[in-house]
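Report on the following structure.
We name chains A, B, ... by the order of the sequence lines, and we start the count at 1 in each one.
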Amino acid sequence: MPWPPRSIACDSPKSSARSPATTPSSWPSPTRRGSAPYGHASRQSRRATRRIPTGARIRTMYWADELAARVSGPQVVNDSKTPSGTVHVGSLRGPVIHDAITRALRARGIPVEFRYGVEDLDAMDAQALLTPDAVERYMGVPLSRVPAPEGSDAPNYARHFVGTLFFPTFARLGIRPEFYWLSEIYPTGKMDPFIRTALDKAQLIRDLYVRVSNVERPSGWLPIQVICEACGRIGTTLADDWDGSTVHYRCLPDYVTWAKGCGHEGRIAPFGGAAKMPFNVEWAAKWSLMGITIEGCGKDLATKGGSRDRSEAISREIFDREPPINVMYEFLNVGGKKMSTSKGRGAAAHAVAASIPGDVLRFLFLRPRPNQAIDFDPAGTDAIPRLHDEYDRISAATAGATVRGELPADHDRLHFYSQVADGSAEAAKVTAAAWRPAFGQLALLLQLPGVDATARAAAEKGTPLTAPEQAELTERVDAVTHWLADYAPDEAKIAVRDELPVDLVAQLSGEERAWLLNLADRVDAARAAGTPLETGEAWQGLIFSAAKEGGLQPVRAFASLYAAFLGRTNGPRAGWLLAALAPSFITERLRSAAAVAGVAA
RNA sequence: GGGCCGGUAGCUCAGUGGUAGAGCAGGGGUCUUUUAAACCCUUGGUCGCGGGUUCGAACCCCGCCCGGCUCACCA
C-alpha cells in the first residue's frame with residue numbers, strides 16, 4: 001500500500017499552525033453551512049438548522065445527499081478500526097456509511113478520497129481470544145506484533161482478523177477505500193512532528209482532558225505510549241519525562257489491570273515507531289496528517305465529554321486545526337441487545353456478508369438514518385425475508401412501479417446507495433427494474449427435492465431471465481439456503497412428519513377425510529394399472545381429478561394434504577411434494593389420516 | 001449521574017404542521033391447478049403521559065414516564 005498518496009497534502013503541526021486562520025482555503029477543510037442535523041447536535045443547533053431558508057427542502061433529502069450538499073471543495077473521508085478480534089456485523093455500519101458519504105460527494109462532482117485505517121499499534125486487550133499461555137505473553141503488546149491464531153496464514157493478529165476476514169467483506173459490499181495501517185505509518189516518521197508537538201504541549205493536553213472529560217492523568221503523565229524495549233508491551237508503559245529529544249518511561253506491572261508490565265525502565269527517543277500517541281491525540285494527529293474533512297464515529301465515542309470531544313479539542317487547541325465533520329452513528333443490536341461475540345450474540349461480519357446479498361446488506365445499514373439504532377435479529381425470525389421484501393419494495397418504487405405503504409424520503413437515492421455496483425443513478429434504475437423472486441416463495445421452492453430454481457423463476461417471470469437477473473437469483477438462492485440452514489424459524493421449514501399430525505388432522509371435516517381415503521384408493525388403482533406416478537405433474541393431476549370427483553374445493557383438498565403430511569395448513573406444490581415420497585408411505589398416511597376420529601362434524 | 005435513540009394497530013415498522021398508514025397476523029369473500037399464492041372486503045389505534053405554540057400537532061416547544069444502548073478505565 002503506497003503511502004502517502006500523492007494527492008493528499010500532509011499538514012505538519014508547524015504548517016497547520018499558521019494556515020487555518022490566515023488561509024483557510026489552502027487546505028481541505030470542512031466547510032460548514034449551518035449545523036449538523038445529525039450527530040450530537042444540541043437542541044439549540046437544531047433550531048438553527050430549521051431557521052436556514054432551505055431547511056424544509058434539505059430535510060426531505062437522503063441523509064448522505066444532505067451532508068454532501070453542506071460541503072464544498074475537495075474532501076477526505078476517513079474511517080478506522082481497532083482490530084482486537086473477530087469483527088461482527090455491526091462493525092460494517094461505519095464502512096457502509098462512509099462509503100455512502102463518499103459516493104454522495106462524488107455524485108455531486110466533489111473530489112473525494114476515502115481512507116480506512118487500522119489501529120494495529122494499539123495494545124492487545126482481548127483476553128478471551130488468546131490461549132492461556134498467550135495471555136501472559138501478549139496482553140498489552142501491539143496488535144501488529146501478536147501472532148495470528150493457529151492455522152492462519154496472516155503475518156500477525158491484526159492482519160488475520162482485519163486483513164483476511166474483514167476487508168474481503170468490504171469488497172463484497174463494493175466498499176473500496178485506500179487502506180492504511182498505523183504500524184506502517186509510524187516508522188515512516190510522518191507522525192514525528194505531531195509527537196513532538198504533543199509532548200511540548202503535554203501540560204495543555206492534561207488540562208484539556210480535565211476540562212473536556214473530567215479525566216485526571218497521573219502527575220507527569222505524557223501523551224506518548226512507548227513500546228517497552230525489554231518486553232515489547234505498549235499498554236503497560238508510563239512516560240513521565242520529556243527533555244526535548246527523549247522520554248523516560250517505566251513498564252509497570254500494575255499500570256493497567258488487563259496486562260502486566262515487566263518492570264523495565266529506560267529512556268528513548270519516541271520517534272519513528274518506537275512509541276505511539278494515545279488514541280485521542282493520535283486521532284487528532286491523523287486528521288491533520290491526512291487532511292481528513294469528514295469522519296463519523298460510533299455513539300460510544302461520540303458521547304458528550306467522550307473520546308470524540310477530547311480529540312476535537314486536541315485538534316483545535318494542540319494541532320490548531322478544525323476537526324472533520326462528524327456523523328455519529330448508532331449501533332446494530334440483536335434482539336434489542338448489544339452484540340457480543342463472547343456471549344454468542346451477533347454473527348461475525350464475514351459470515352453474515354457471505355449469507356446476505358451485498359445490496360441487501362448495504363440496504364440494512366442505509367435504510368435508517370445513521371443516528372437510529374438498528375435492531376436486527378435474524379435467528380429464528382423472519383427478519384431476513386422481511387429485509388429482502390423491503391429491499392424489493394424500494395426497488396420496485398425506484399423502477400417507477402406503484403407500491404403499497406409509505407416510502408422513505410428519496411427512496412431512489414436509498415436504492416442507489418444500496419447498490420454494490422458503484423455505477424450511475426441510471427444504471428441503478430435499470431437494476432431496480434430487474435425481476436427478482438420473492439424471498440419467501442424461493443424459501444418454499446428450495447425445500448422441494450429436484451427443483452430447478454432458474455426454470456421456475458423464468459416460468460414465473462414469463463420470459464427467460466437476463467444475465468443480471470440470473471446472477472441475482474443465484475445470490476438469492478444462496479441467501480435462502482443459508483437462512484434455512486442457520487436462521488429460519490421452524491414454521492418456515494417444510495418437513496414431512498414422521499408421525500401423523502393427529503391434532504391438526506382431527507380438525508378436518510368428514511368430507512375432507514373421505515377425500516383423503518378416496519385419493520389413497522386412486523393411488524392404488526393407478527399403481528395397479530401401471531400408470532406412472534413419478535412426476536410432480538402426474539401427482540398434481542391425480543390430486544385435482546380426485547378433488548373434482550369428490551366435489552371438494554381444491555383449496556380444501558390441498559389444505560388437508562398439508563395437514564396430513566406436513567402438520568401445517570399450507571405448503572409447497574403438493575404434487576411435487578408427494579412425488580418425492582414413497583407411494584406406499586403415501587397411501588398408508590392417507591388412510592391413517594382418514595381414520596382419525598374428527599372433532600368436526 | 002451525563003449523552004444518544006426509541007415509545008404509532010396483536011407483531012414489525014413507515015409517516016417531521018393539513019382527514020392516522022403499510023406489511024404480516026385475525027375475520028369474511030372470489031378463483032376447477034393449489035405455492036407463508038393472487039385478488040376483493042374487513043376488524044383493530046387516547047400516535048407513552050401532561051402542559052404549551054398554532055386556525056390546525058404523531059410531527060414544533062417545555063416537563064415527565066418507560067425501554068434500549070452508551071460514557072464516566074482503555075481504545
Distance, C1' atom - from B:A57 to B:G17, rounded to whole angstrom: 7 Å
Length of the line joining A:E66:CD and B:U16:P, which is rounded to integer Å: 13 Å
Side chain of A:R367 (C-beta onward), nearest among B:G3, B:A75, B:A14: B:A14
Sugar-phosphate, base or nothing in reach of A:L301, heavy atoms under 4.0 Å: base
Aromatic ring pairing A:F363/A:Y391, orientation class (parallel under 30°, perpendicular over 60°, tilted between): perpendicular
Separation between the P atoms of B:G44 and B:A9, rounded to whole Å: 14 Å
Nucleotide nearest A:Q372 (side chain, heavy atoms from C-beta), chosen from B:G68, B:A75, B:A14: B:A14
Side-chain (A:D120) to main-chain (A:S144) donor-acceptor, under 3.5 angstrom: no
Interatomic distance at C1', B:A25 relative to B:G63, whole Å: 38 Å
Pairing string, 5' to 3', for RNA chain B - Watson-Crick or wobble contacts under 3.5 Å, brackets [ ] where pairs cross, | to another strand: ((((((((.[[[[.)..(..]]]].(((((.......))))).....[[[[[..)....]]]]])))))))....
Working for side chain to side chain donor-acceptor pair (under 3.5 Å), residues A:Y180 and A:N78: CA-CA 11 Å; A:Y180 62 93; A:N78 184 63; 2.8 Å; yes
Atom P, compared across B:G50 and B:C66: separation rounded to whole Å: 16 Å
Rounded distance (Å) that lies between atom P of B:C5 and atom CZ of A:R93: 12 Å
NZ or CZ of A:R308 within 45° of A:W283 ring axis and under 6.0 Å: yes
Selected nucleotide, minimal atom distance to A:E330 side chain, candidates B:C5, B:A75, B:U70: B:C5
Side-chain donor/acceptor of A:H482 to backbone N/O of A:I356, under 3.5 Å: no
Stacking of A:W258 on B:C74 base (centres under 5.5 Å, planes under 30°): no
Inter-nucleotide C1' distance (B:G45, B:A58), Å rounded: 11 Å
Nucleotide of B:U12, B:A75, B:C74 approaching A:R217 most closely (side-chain heavy atoms): B:C74
Length of the CD1-P vector between A:I394 and B:G23, whole Å: 14 Å
For atom CZ of A:F544 and atom P of B:U32, their distance in whole Å: 11 Å
Heavy-atom check, side chain of A:L590 versus side chain of A:N518, under 4.5 Å: no
P gap between B:G29 and B:G10, integer Å: 24 Å
Min side-chain heavy-atom separation A:W181-A:L121 under 4.5 Å: no
Rounded distance in Å between the P positions of B:C31 and B:U46: 37 Å
Spacing of A:H388 atom NE2 relative to B:U12 atom C1', expressed in whole Å: 17 Å
A:W221 and A:Y209: CA distance, side-chain angles, deciding distance, ring pair (Phe, Tyr, Trp, His ring centres under 6.0 Å) verdict: CA-CA 12 Å; A:W221 176 89; A:Y209 269 63; 5.7 Å; yes
Sugar-phosphate, base or nothing in reach of A:E282, heavy atoms under 4.0 Å: nothing
Value in whole Å for how far the P atom of B:A22 lies from OH of A:Y391: 25 Å
Distance test, side-chain N/O of A:R369 to OP1/OP2 of B:G6, below 4.0 Å: yes
Whole-angstrom distance between B:U19 and B:U12, as gauged at atom C1': 26 Å
Gap between atoms CZ and P, on A:F439 and B:C24 respectively (whole Å): 17 Å
